[in-house]
Peer 1: 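Okay, here's the structure, questions in a sec.
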Amino acid sequence: MLLVEDGLGICVVHLSLSLSLSLSLSLSGAGGGGNDVQWCFSQVKGAIDDDVAEADIISTVEFNHSGELLATGDKGGRVVIFQQEPENKSQPQCRGEYNVYSTFQSHEPEFDYLKSLEIEEKINKIRWLPQKNAAQFLLSTNDKTIKLWKISERDKRPEGYNLKEEDGRYRDPTTVTTLRVPVFRPMDLMVEASPRRVFANAHTYHINSISVNSDYETYLSADDLRVNLWHLEITDRSFNIVDIKPANMEELTEVITATEFHPNQCNTFVYSSSKGTIRLCDMRESALCDKHSKLFEEPEDPSNRSFFSEIISSISDVKFSHNGRYMMTRDYLSVKIWDLNMESRPVETYQVHEYLRSKLCSLYENDCIFDKFECCWNGNDSVVMTGSYNNFFRMFDRGQKKDVTLEASRESSKPRAVLKPRKVSAGGKRKKDEISVDSLDFNKKILHTAWHPQENIIAVATTNNLYIFQDKLN
Amino acid sequence: MAGADGDDSLYPIAVLIDELRNEDVQLRLNSIKKLSTIALALGVERTRTELLPFLTDTIYDEDEVLLALAEQLGSFTALVGGPDFVYCLLPPLESLATVEETVVRDKAVESLRKISHEHSPVDLEVHFEPLVKRLASGDWFTSRTSACGLFSVCYPRVSSTVKAEIRQHFRTLCSDDTPMVRRAAASKLGEFAKVLELDYVKSDIIPLFTTLASDEQDSVRLLAVEACVSIAQLLPQEDLEALVMPTLRQAAEDKSWRVRYMVADKFSELQKAVGPEITKNDLVPAFQNLLKDCEAEVRAAAANKVKEFCENLPDDSKENIIMSHILPCVKELVSDTNQHVKSALASVIMGLSTILGKDDTIEHLLPLFLAQLKDECPEVRLNIISNLDCVNEVIGIRQLSQSLLPAIVELAEDAKWRVRLAIIEYMPLLAGQLGVEFFDEKLNSLCMAWLVDHVYAIREAATCNLMKLVEKFGAEWAQNTIVPKVVAMANDPNYLHRMTTLFCINALSEACGQDITTKQMLPIVLKMSGDQVANVRFNVAKSLQKIGPVLENTALQAEVKPVLEKLATDQDMDVKYFAQEAISVLALA
């Protein structure tokens, strides 16, 4: 069983006082307000029992452009799509819940016989295409192969045969005296996922990113050393636009870690590297973008230099803001916001879990230091969110310079329960309500999060559970 | 099969109709392809009221089925009752025009365009034009992109009020939010301009053209370059400067290389569309810039156009422009850093010699040819060699032969077998132009060396090459130069080389004629029938079958027959099989 609908996600009618109403009005601005939003539990998806099947581990989470659909991919190669139910008129304080809309096997495990390599079915990334007709389209990728899926609804089916009954029994052909043309009759809604295109054989290394261009007809895919540009309708060729592979692999000093197209300038994309730099390329300048047009890099603070400096400065995710003015990068300990017009340093830096700086040695030993945390913007770019350990996730309000740590856990998953902020003591004396660094569970990590493009609804993936939280409506 | 009540002529139709919803795509496709048979059996009335409504809802099907359906409906008019009822075909085509698959949508639009001509002017306004409007204002961009292709077919045949509405719709789509729709509009701009009255071309199309040509997305801007060609053809010469040239100049210097590439790619069309005066004043400097562009893709596209551009220059200034403006750029391209640019140039540069004439070719072009013949990239050298015939007509190939030979020898021995294969294919051409003497002296040994190449494709091409050479130089030449060498290989210790002898004989027998084949080749083939390798033996059988018709009948009966009969009892299955086949084909049994 892949994902079990949890019975906890029930909306309770809240008969709150007018006090809390005015409070929420003043604090939550339109389209994903500030950090004063009170987050409450909405739903949790996935099996409840503690032993986690490897295949059920969620590997990516992504809202579509309207926020009506939410897709997850897992290590078993499956894609599950949730659809937001229409809002209930009689309960205006309840936002529609997300329920399973379609589930399909996107990728299967394969074996590369030429290289003697197993190819995992794990879904590395999902990206939705802008909607072009009544159907929905998404790209999903594992390490090697990108697929374009169509998710469409069908509510009619044809009825009426000439030579057999509807149940399949054959009629005596001699009784056919007139021809019958089938007619379409309404039926229960059926959602189909069908593979439309397979983009294969273009990556020697593991694909870490895919990103759809704002021209609606191309997308890019990136692996450790190369970025390829595809046309969405052409599967047999792609153009290599970045290649950082040195002639001699022993001279290799950095790899591409994440790549994304600018949200509205179709010629601009960025890629981040394991050395903590971000390069911005302009595809107008030349066909091969080996020469970047901007290099974003923060000078290293010599006082913080250590054996782990290079590892923790590796960028695990890069995301443009919706308005295209800024981009956000996530490295091991921090989130940085860069203004595209300033390459010399980030305009904002937020510490995600600075208390881990003293623990890097043990984090190196248990490989946690190589975890790739992703990050996301809220709908109006005023708040950013990223994950941490112990099923904690962090939000940073850019305007008010406030941050909060929240936890995705079964314990607080009462319907519409407000999430309590968590605090980690940085050592020394531990205050009441604080958690000591040593008691953090490093096996529980939140790598993937997504924010509804317009509203204050977030999806947070713990190991094999998907939590949906929303701001408190009254 | 026919019963008392049943009509057995209905049965096949009933099957076809049922298979419209079969689970097997192939069967559905088959039924859709025979849609006219179904419609004919149903009659026009039931086709209109039952079949078409059903088809309108079948848009969930596979692309190939939908594509076939869209195509069928384009020639369905007679089956729904003729032009009076052609509007009944609009609903299914309308739903097909909104599917996500471009090929299906395009086919639906193509069919809609086709049947639009069968609408009466009244039906066009009552049925067709509202459909175009619905598509143009559809929620999804797939329907709006389809609308772009339909304006031009209804515009000429509607009233002036409707015309104004159509122009308004087209304007709206040109500034659509989605780049997909703007691209569709930009690509239909030229076509739409053609059906508009000249005044509206100036008042409506030119502003749209200017806007699209400065779109923020380069994928839209580059399509405006294509529209530029059609629009320039529509306008009187005196308006071009003010209405088109600013945009064209801007495109030729666009920040995006893809737009400049498009200008380079369409340069000959643009040149024809704007006429000689503007070409002289504007396009020559623009072309020079494209030849010197910083992006190699653009230089390669421009290099490809060098010959065509020069050919189409106005006669009075042609030579002057080429010598003082184009040739200096071409000289630089010969030593370009990018091999695609050099190879694009090499494929057209020889064509300049006919334009420039003998003296200028020898003085200015010859050094360039010679430099390219020594280029490090084999493709460049190949492109020069493959176009030798142009130069031959002007200055004779002798001028080149000194440099030609080392270039050919080097290509002939290139490490990449595809390069060797390419040069072999030019051998007959070279042989024809260099003459038999030069060939015997310098090239013959190469041709023979290829026969023992370690790649089969090369040996195969080499045999074919020999045949073409014999056709060119005659049987006597073959007897003296080729046959002895081929025959000698029959004793080679390598069985692959022995087989090559057989392949050569297969290829040469016809060109060499009965005498040589019977006297010189047949004995060798027969002798090889005792070869210890079975592959050689069954190829002997195959060879005998091949050369049999060329041989004298007496030789066939007296010499070939016994050998084949012996081979037919060979231990090896394949030898037996081919021997028996030869016996029956040659009718020796």
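Letters A, B, ... mirror the listed sequences (proteins, then strands); counts begin at 1.
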Peer 1: When you compare the side chain of A/Asn264 with that of B/Glu216, does any pair of heavy atoms fall below 4.5 Å?
Peer 2: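 No, side chains not in contact.
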Peer 1: Scan side-chain atoms only and decide if B/Gln217 and A/Asp215 contain a donor-acceptor pair under the 3.5 Å cut-off.
Peer 2: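 No, A/Asp215 and B/Gln217 have no side-chain donor paired with an acceptor closer than 3.5 Å.
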Peer 1: May I ask you to test the B/Phe54-A/Pro158 pair for a side-chain heavy-atom distance under 4.5 Å?
Peer 2: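 In contact.
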Peer 1: Return the minimal non-hydrogen interatomic distance between B/Met180 and A/Glu217, and the atom names on each side.
Peer 2: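 It is CE-CB, 3.7 Å.
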Peer 1: Checking A/Arg180 against chain B: side chain, backbone, both or neither under 4.5 Å from a heavy atom?
Peer 2: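 The answer is the backbone of A/Arg180.
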Peer 1: Just wondering, do B/Tyr11 and A/Asn162 contact through their side chains at under 4.5 Å, heavy atoms?
Peer 2: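 No, side chains not in contact.
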Peer 1: Where on A/Arg171 is there a heavy atom nearer than 4.5 Å to chain B: the side chain, the backbone, both, or neither?
Peer 2: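 Neither; nothing under 4.5 Å.
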Peer 1: Check each atom of B/Asp63 against the heavy atoms of chain A and say whether the ones under 4.5 Å are side chain, backbone, both or neither.
Peer 2: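 Side chain only.
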Peer 1: Given a strict heavy-atom distance threshold of 4.5 Å, which part of B/Arg46 is in contact with chain A: side chain, backbone, both, or neither?
Peer 2: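 Only the side chain of B/Arg46 comes within 4.5 Å of chain A.
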Peer 1: Determine whether A/Asn133 and B/Thr98 make a side-chain contact, defined as any pair of heavy atoms from C-beta on separated by less than 4.5 Å.
Peer 2: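 A/Asn133 does not reach B/Thr98 side chain to side chain.
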Peer 1: Please step through side-chain contact (heavy atoms from CB on, under 4.5 Å) for the pair A/Cys266 and B/Asp218, ending with a clear verdict.
Peer 2: CA-CA 8 Å; A/Cys266 65; B/Asp218 46 5; 3.5 Å; yes
Peer 1: Evaluate the side-chain proximity of A/Lys132 to B/Phe141: yes if any heavy-atom separation is below 4.5 Å, no if none is.
Peer 2: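 Heavy-atom side-chain distance check passes, below 4.5 Å.
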Peer 1: Is B/Asp254 paired with A/Arg284 through a side-chain N to carboxylate O contact shorter than 4.0 Å?
Peer 2: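 Looking at A/Arg284 and B/Asp254, the cut-off is not met.
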Peer 1: Using non-hydrogen atoms only, which part of B/Val15 is less than 4.5 Å away from chain A: side chain, backbone, both, or neither?
Peer 2: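 Both parts, backbone and side chain.
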